[in-house]
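Because the structure is a prediction, the values reported are computed rather than measured.
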Amino acid sequence: MLWEDNTFIVKTPFNPHIPYREGVHVIVATQQDLKAPWDDPELAGKAFELASKVCKTMEELQLAPWFNIQANANWGLLPGATPFFHLHIYGRNKTARWAKPIILPEAPKTYQNDPMPETDRIRLIDALKSLG
């Protein structure tokens, strides 16, 4: 967990979608069950606003020079899962994959990437405290 309030949670996955050398992977999700952004457009808009603030914070910490925000709920369409709206933030570093699409895994737990280093995670937690 990087940050939370009564409405949102911001976290970084233990097994991120991209290797840390390529950038950071952070998730913004609602605390309440929200199946899809069109079920509560106002809350979805606030999630994007929060994601933008998280990107700005990570930019100021120089964790990455550019960010992609992806809206998602489709993992929940897999057998036995429940759809839930969340945003992925991908901080992109200038590597060989710079400016190329992120290659996402086809299913959960099918990729093997190390988590964000603890020192950067602590820096980000401290910086996100300013969100309130």
Query raised in the report: When rounded to the nearest 0.5 angstrom, what is the spacing between CG in N72 and NE2 in H88?
Result: 4.0 Å
**Report entry** Distance (rounded to the nearest 0.5 Å) between T57 OG1 and L124 CG
**Finding:**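 Here the rounded value is 7.5 Å.
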Query raised in the report: Sub-3.5 Å donor-acceptor pair from the side chain of E4 to the main-chain atoms of V10, do we have one?
Result: no
With hydrophobic residues grouped by side-chain heavy-atom distances under 4.5 Å, do [X] and [Y] end up in a single group?
| X | Y | value |
| --- | --- | --- |
| M58 | I125 | yes |
| L63 | I89 | yes |
| I18 | V54 | no |

Query raised in the report: Pairs in or reaching into residues 117-132: which pass side-chain hydrogen bond (donor to acceptor under 3.5 Å, both in side chains), with residues at least two apart or in two chains?
Result: Y20-D120, E118-R121, D120-R123, D126-K129
Query raised in the report: Quick one: salt bridge (Lys or Arg N to Asp or Glu O under 4.0 Å) pairs with a partner in residues 21-38, sequence neighbours left out?
Result: none
Query - Sequence neighbours excluded, every pair satisfying salt bridge (Lys or Arg N to Asp or Glu O under 4.0 Å) that has a member inside residues 53-65 - result: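 Qualifying pairs: E49-K53, K56-E59.
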Report task. Give me the other members of the hydrophobic cluster that I122 sits in, counting Ile, Leu, Val, Met, Phe, Trp and Tyr linked by side-chain heavy atoms under 4.5 Å, directly or via other members. Result ->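 So far as hydrophobic clustering goes, I122 is joined with none.
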Query raised in the report: Going by the ring-ring contact (aromatic ring centres under 6.0 Å, His included) test, which pairs reach into residues 26-69, not counting sequence neighbours?
Result: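 The answer is none; no pair qualifies.
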Report task. Please lay out, stage by stage, how V24 and M116 fare under the test side chain to side chain contact (heavy atoms under 4.5 Å, CB included). Result -> CA-CA 7 Å; V24 296; M116 180 186 291; 3.9 Å; yes
Report summary line: Closest non-hydrogen atoms of A64 and N93, given as atom of the first, atom of the second and distance, are CA-OD1, 3.5 Å
Query raised in the report: Would you say D114 has more than 12 foreign heavy atoms packed within less than 6.0 Å of its CG?
Result: no
Report summary line: Sorted by chain and residue number, the salt bridge (Lys or Arg N to Asp or Glu O under 4.0 Å) partners of K94 (sequence neighbours excluded) come out as none
